[in-house]
Amino acid sequence: MEIFGVPLEAISGQLLLGLVNGSFYAMLSLGLALIFGLLNVVNFAHGSFYMMGAFAAWIGLEYFGLNYWWMLLLGPLLVGVVGMILERSLLQWLYKLDHLYGMLLTFGVTLLLEGLFRSFYGVSGQRYAVPDLLSDSTDLGFIVLPDYRAWIVLSSLIVCLGTWFMIEKTQLGSSMRAGTENSRLVEAFGINVPLMRTLTFGFGAALAAFAGVLAAPVVQVSPLMGSNLIIVVFAVVVIGGMGSIMGSIVAGIGLGIVEGLTRAFYPPGSATVVFVVMAIVLLVRPAGLMGKS
Amino acid sequence: MTPRQTAYAVALVAALLLPLAVYPVFLMTLLCFALFACAFNLLFGFTNLLSFGHAAFFGWSAYVAGYVLASLGWSTGLGLVAGTAVGAALGLVIGALVIRHQGISFSMATLALSQMLYFFAERAPFTGGENGLQGVPRGSLFGLDLHSDMALYYVVLAIAVACYALIMRVVSSPFGHVLQAIKENEPRARSLGYEVDRYKLVAFVLSAALSGLAGAMKSVVLGFATLTDVHWATSGAVLLMVLVGGKGTLTGPVVGAVIMVWLDNRLVNFGNFLGRATSIDWFNQLGRSVTMVTGLIFIVCVLAFRGGVVGNIASHFLQRVRKSKPAPSRMEGAHADST
């Protein structure tokens, strides 16, 4: 069976790949949205946290013999701590200034981290094996589904929806949202806003690192993997609407699928389609699909 | 002559004599980046719009100028004009898309759109992909043969100085004052009846056109255009030049460009020196990971040195002048702001 001359297997294969990419977009843009919401910082270093997550997985296995599942737990914790240290030591001094400076600082942090990893590991990618438990694949009839890909999509959905639930439905989340609206008022109610900012930044960084560990077996682990991805994620955030939690999840997965379909029907356009969509959204709905205008 | 005019005269004489002492191609590269930084500063420093996509204008103009010179056999002058026009046209299209956005979302949108143009450059048939566009001839301008480094240097210097004068004129013109009003308080400027978005768009296009000219010149000087020119790292590099030199000052971007290009050039030696001195092998890598040092400078600048070299020194100097002269007139204050 074919659609517009493209076999169905190819389409469903690309669709799955798109879903996998979309899961990464969703997790990364979710973390960006959280950080932006509470700290008013566009965290350029988010791509570096993702890269560090993947490297944590690789280093853990290579030097300490810790397997994938351990690193899936330890990687985000470690990178989350790194994020919190960065926030405490550097970022917190800039909240009173123009928001641009936060972005500039994290841009500098990105260059520093990327350069640091490059000076140790070069630019060529390291390979990381798929964990044994998930190395099989399941035949669904219309498509052969590698278990690991299914695991990426499933776990990222759980993490995204769990985060959404935490922000929208719990006490902690409601004080976070209140802090986004008016941090001084929330502080007057006795909530420690600076601590909340630090934890939020750490959580966002951990989320990016989780995505990084998940990505390690399906991409080349290289120092440049983060910055290449982060710009696409920026486009996703602009499309979804700045700071909107649900917007970033939906836009992330949606754009992954759009990208996959483009790769099936018009391969040369797959690298740019997200940016084209962004240009259209900028024209039609400048505040983004789910943003408040 | 005022001290300012004296300083400019001294700088000009120095610029005329410098190629006798320093390798002219290095100086020309420096001038191209200085012009690029000044053009960027017109937007970032004087309008407070942080574009993260200026490499798109710089790089695409470099490609187009290189292409019309190398493959279509256009004259050098026309090539530079074509590059400028490409910068302006791209600036108009991208500017029209993003100009309604403010602050951070403006930066993110420009970054994403420039990344799209990067991918176009990677795929386009005439750019040479990963290899870049090679063998751009220098040709001649108004009968002057540009193959000698000295001749080309003085042409590049003349263009750069002319553009600098243009930027200086724009900043002090009524248009420039409206830009400053927008920078200081946009809602206020709007309420005074200025069409803020149109002013910003004109500034954006002007900045893109001059960045384009800088890119086109770079193509002629070095004889090639590569993907590096359109890469986001170049947008970051020009941003850093302005930040180091002093955002919103006239001379700042030039100083910043000098510092950064020189550093880029010297870092290998410095790394090797540190490597020998401390016998830590890792320092020898320093030259290859310019990004790391760049990142460090970024962090220091943003945290502690936001005025840049010119901004911080100028403000320091100003404070001393204010102390010795109790009541400076408002005009002097305005002049001092645009050092």
Side-chain angles (χ1 to χ4, degrees), chain A residues 32 36 40-42 44 89-91 93-94 97-120 122 223 227-228 230-239 241-242 268-276 278-283 286-288 291, chain B residues 44 48-50 52-53 93-94 96-120 122-123 231-233 235-237 239-240 243 247 271 282-304 306:
Chain A
L32 276 180
F36 180 76
N40 267 320
V41 168
V42 171
F44 214 110
S89 60
L90 303 176
L91 214 50
W93 309 108
L94 299 174
L97 301 169
D98 194 329
H99 301 162
L100 291 177
Y101 286 110
M103 184 173 180
L104 291 179
L105 182 90
T106 50
F107 180 68
V109 170
T110 303
L111 293 181
L112 181 66
L113 289 173
E114 216 178 86
L116 208 61
F117 275 81
R118 254 166 94 166
S119 74
F120 286 114
S227 52
N228 290 334
I230 195 66
I231 300 177
V232 182
V233 174
F234 275 3
V236 171
V237 171
V238 173
I239 293 169
M242 297 280 285
S270 63
T272 45
V273 65
V274 173
F275 303 116
V276 175
M278 188 193 79
I280 295 168
V281 169
L282 282 180
L283 270 180
Chain B
F44 179 40
N48 211 24
L49 286 174
L50 172 55
F52 236 109
V93 174
I94 292 187
L97 278 174
V98 298
I99 213 73
R100 273 187 296 171
H101 285 251
Q102 290 179 348
I104 287 171
S105 94
F106 178 88
S107 309
M108 291 167 74
T110 45
L111 175 64
L113 288 170
S114 79
Q115 186 72 358
M116 177 167 85
L117 288 169
Y118 173 83
F119 283 122
F120 285 159
E122 208 178 24
R123 293 280 162 82
H231 194 251
W232 57 263
S235 301
L239 169 59
L240 186 56
L243 210 58
K247 110 180 232 242
W282 180 78
F283 278 121
N284 293 321
Q285 296 270 338
L286 209 59
R288 259 178 287 160
S289 45
V290 180
T291 45
M292 196 166 52
V293 179
T294 315
L296 208 58
I297 299 174
F298 242 109
I299 294 172
V300 172
C301 272
V302 171
L303 281 179
R306 280 183 291 274

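Throughout, a chain's letter reflects where its sequence line sits, starting with A, and its residues are numbered from 1.
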Are any non-hydrogen side-chain atoms of A:L90 and B:V302 less than 4.5 angstrom apart? no
When every non-hydrogen atom of A:S227 is compared with those of B:W232, the smallest separation belongs to CB-CZ2, 3.3 Å
Bottom line for A:D98: the part with an atom under 4.5 Å from chain B's heavy atoms is side chain
The ring-ring contact (aromatic ring centres under 6.0 Å, His included) partners of B:H101 (sequence neighbours excluded) come to none
Closest non-hydrogen contact found for B:L113 with A:M278 is CG-CE, 3.7 Å
The interface call for A:V232 against chain B, heavy-atom contacts under 4.5 Å, is neither
Across all chains, not counting sequence neighbours, the ring-ring contact (aromatic ring centres under 6.0 Å, His included) partners of A:F44 are A:F107, A:F234, B:F52
OG1 (A:T272) and OH (B:Y118) are apart, to the nearest 0.5 Å, by 13.5 Å
Cut-off 4.5 Å, heavy atoms of chain B, and the answer for A:L97 is side chain
Exercise. Report yes if some heavy atom in the side chain of A:L94 is under 4.5 Å from a heavy atom in the side chain of B:R306; otherwise report no.
Key: yes
Okay, B:L243 and chain A: the region with an atom under 4.5 Å from a heavy atom over there is side chain
For B:G295 and A:L111, the nearest pair of non-hydrogen atoms, with its separation, is CA-CB, 3.6 Å
Cut-off 4.5 Å, heavy atoms of chain B, and the answer for A:F36 is side chain
The interface call for B:L240 against chain A, heavy-atom contacts under 4.5 Å, is neither
query: Is the closest side-chain heavy-atom distance between A:M103 and B:M108 below 4.5 Å?
result: yes
Legend entry - Stepwise side chain to side chain contact (heavy atoms under 4.5 Å, CB included) check, A:L100 with B:N48: CA-CA 10 Å; A:L100 291 177; B:N48 211 24; 4.3 Å; yes
Applying a strict 4.5 Å limit to non-hydrogen atoms, the region of A:L104 in contact with chain B is both
